[in-house]
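Structure record follows, encoded as structure tokens.
The chains referred to below are lettered A, B, ... by the order of the sequence lines, with proteins before strands, and numbering in each begins at 1.
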Amino acid sequence: MMLARVTRPDVLLPLTAVGLTAIAFAMVPVYTDTTLTTFDVYNTLQIFARLGLVALALGITMIAGEFDLSVVGTYALGGMLTVQAGQESWAHGVLAAVGAGAAIGLVQGCVIAGLRLPSMPVTLATYIALLGLTSALSGGLTKTYSNPEVTLWVDQVVLTYFSPRSLVTLGLFVLAAVILAGTRWGRELRAIGGDRRASRVAGVRVNRLLVGTFVVSGALSALGGSLLSFSLGSANPDPGVQPLILAAAAALLGGVSLAGGRGSPLGLLGGILAVALLAEIATVAAFPGYVAQLFYAGLLGVIVIVDAPDLHHTVTRLRARLRPPGGGGTRPLSQETP
Amino acid sequence: MQQRLTSSSPRTSEPLVRVDGLAKSYGSTRAVRAASFSIAAGEIHALCGHNGAGKSTVVKMLSGQETPDEGAIHLGGEALDLRTRQVAQRHGVALVDQELSVVPSLTVAENLVLGDGRTPWVNRRASPRSRALLDSVGLEHVGLDQPLGSLGIGERQLIEVARALGQDARLVILDEPTATLSDVESEYVYASVRKVAAAGCAVLFVSHRLGEVLTLCDRVTVMRDGQVVATSTSGELTIDSLIEQMLGEAPHHPQKVTAAEVDRDVVLSVEGLTVPGRVQDFALSLQAGRVYAVAGQLGSGASDVLRAIAGLVPEATASVTVDGARVAVGRPIAAVRAGIAFVSNDRKSEGLFLDKPVSWNLLATRLPDVTRLGVVSRRRWTARLSALVELCGLDRGRVGQSVGALSGGNQQKVFVGRCLGRDDVRVLLLDEPTRGVDVGGRAAIHTLLRDAAGAGLAVLFSSTELEELLDLADVVVTMHKGVVVQRHEGEPASAVLLREMTHGAGDSAAHGAVVAAGGDR
């Protein structure tokens, strides 16, 4: 029973990813001359905090069978709005960012669900538009956040390993996990990702759920941008594509299926932790930047191969070949008389 | 315009469900025109008609998936505007859709409550209610936390039935709920349907299986060309009179043309076919020009035998030869290269490109025939296409339409037609070749298969339906629980076949030809 649960791909993949990277992390002293400190764990969680909410936002849209490319645009806009509206009070900045993120999600969700459009082109357009809007807001320049108290507060060390920023991010993952595992929205989210027609016939409010998913995705990415601006004390109008690529990698490592219908926030957490651990290993071991990229690619390769359906077929076929002839290894067919 | 043989229900003055003058058009096609009937509380009401008669559109309007252009739906005396599935569900309309509507990525328990607004929180413990629902459709062996994707198609269908029956609905609509089920599994559905009807629910039962319509249902409404032709009590109907109402003409019984018994070449030879836990040591040789059948209920291994020969079961072991040449088992491409064509029992997910035109689907497997240096030649394309359309008896005007828009029978003709008239095909394997196909379509497909055998192919199909086995096969091999029971040539008695399929070879003399609910589990 337990074994069956562990071998499910949405559990197996993140476990493999976190397991492999945690071992590599623990063995850092073996292959470099540095030792690990508590700060390295803290720093890993800071990397997690930087990317976590974007990965969560992208991941839940992937579970619903969509792909929200605009997360990074919303992330950038959220960071910029936080700096511009939150100079006096951090709360105003967060509210402006999350409100804008949710509004963007609402518009995208209505367009995608209402017109039954594929999400990729719609969110790609939004992504580009948001980068333009963010640049327009900032005049194309990096804007500084002149409230150092907030900056110091969000990154202070709490409970040895954490910061308020990483705790907020972790808390949102746990909240998402509870909601998706414990309520009908969770199963309906996976249902619309798995088979939208069947879900509609079964009475799931597919459109409403899709719109809601994009609203949540927008709000989460904007909040991620807010937290990053607080931490850096500035907002950059173009964060580049790296957050998107790492968020997508984290989602795949976390057992979320590109085809939709499979995945969980805890799996996503595992995926993003694996990404953060790899980044930290590269930092501690002082590897050049390209080595970290090769690591990501390698890990993603392993995970994709582990999940490949054809590999499963090959393994079962080999097993059948290796079975002693005469059906010695077969289970007996049920014997029963009416 | 509309002719009713029997007036409204004699048993109650106010029926629970009343459908008045329902009409629906799609573009210039009038799918349903002025359909009226009523269902009393506790009544099981059948809706019959051959493919394209408008049954499915009526079901869509009643279940909130389509809005009628005209007419009214009354439930419990109240006129309802069923705009969406949710509205219909809230008013107590449960639906088992014609197409399988459960989600493979969810667990069994999650599927049972999918779309049910009454359970906002997921009950982590196995709910006794869900357990009881599963048991009531004969799925005692299925675990609630099992992923649905690990179950067979019949079990999935039973789970959808269980979901609809568990909704405490006032009207339960079952659109061909037994099309994918074996006789034994169907019995569970009948028992459950009788139970909800006895509890005062109105049941609308849409089916192509006329036998079950007559035994299960109280009254039968027949539709033809979008109109209600008649509503009669099932007692006053026979299979033949029902077919006559459906087709508008008396049914003719085609004579089975048995292939002449001569020494023919063995085309396909299978020995020692074993699929762990499902099939044990199956052996069969197919001669050119003959039609063979593997007969067995769902789970008997009949379907697994076909899939294994087609290379679709990776864990299968066997020695398979086509025209004397060995074929690697477990690799579909090897089977295709050896000349084995396979028609799956699930044409929607394993067969047709539903959103592509009929022409593409028919020619998809013979691109080398219609191309020159890798470029499609219009002339060859048209020539091949018209020959195939002719061969399959399809409507010429519809070749440009997407296959998904055709009726089930025509879809199946396209699916079968794709394997016909090809020089590279030596063996034709068909898993349930007429699943979900109406009487007329079934006869046409049988003719196609007979002709294919006549052209020198070896044909092997699996079926759970006696009528089809008797009509079509020269040789019938019965299977039960993964082993071959008996091989019959000529005309086996239907009672013998049924007994072997449902009870195997063991102490059969004591049992009559019955399909006892629960007797097989």
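- Residues B:Val93 and B:Leu80 have side chains not in contact (no heavy-atom distance under 4.5 Å, counting atoms from C-beta outward).
- Residues of residues 244-269 of chain A having a heavy atom under 4.5 Å from any heavy atom of chain B, listed by number: A:Gly261.
- One finds the CG atom of B:Asp116 at 9.5 Å from the CD atom of A:Glu188 (value rounded to the nearest 0.5 Å).
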Would you please test A:Ile104 and A:Phe214 for side chain to side chain contact (heavy atoms under 4.5 Å, CB included) and show each step?
CA-CA 8 Å; A:Ile104 292 162; A:Phe214 276 97; over 6 Å; no
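- Atom CZ of B:Arg170 has more than 12 neighbouring heavy atoms from other residues, nucleotides or ligands inside a 6.0 Å radius.
- For the pair B:Arg156 and B:Leu151, the tightest heavy-atom approach, listed with the atom from each and the gap, is NE-O, 3.1 Å.
- Side-chain contact of B:Glu155 with B:His141: a donor-acceptor pair under 3.5 Å is present, judged by distance alone.
- Across every non-hydrogen atom of B:Leu165 and B:Leu133, the tightest pair is C-CD2, 4.5 Å.
- In this structure, B:Leu354 CG and B:Lys348 NZ are separated by 6.5 Å, a value rounded to the nearest 0.5 Å.
- Remark: B:Arg85 pairs with no residue by the salt bridge (charged side-chain N to carboxylate O under 4.0 Å, His left out) rule, at least two apart or across chains.
- Residues B:Leu112 and B:Ile159 come closest through the heavy atom pair CD2-O, 3.8 Å.
- The stretch residues 107-122 of chain A participates, sequence neighbours left out, in these side-chain hydrogen bond (donor to acceptor under 3.5 Å, both in side chains) pairs: A:Glu66-A:Ser119, A:Ser70-A:Gln108, A:Gln108-A:Thr126.
- For a residue to count as touching a neighbouring chain, one of its non-hydrogen atoms must lie under 4.5 Å from one of that chain's; by this rule B:Leu114 touches chain A with backbone and side chain alike.
- Per-residue heavy-atom pair counts under 4.5 Å with chain A were compared for B:Ala164, B:Pro314, B:Ala94, and the maximum is reached by B:Pro314.
- Most heavy-atom pairs under 4.5 Å with chain B: of the set A:Ala191, A:Gly193, A:Gly186, this distinction falls to A:Ala191.
- Interface residues of residues 196-210 of chain A toward chain B, defined by a heavy-atom distance below 4.5 Å and sorted by number: A:Arg197, A:Ala198, A:Ser199, A:Arg200, A:Val201, A:Ala202, A:Gly203, A:Val204, A:Arg205.
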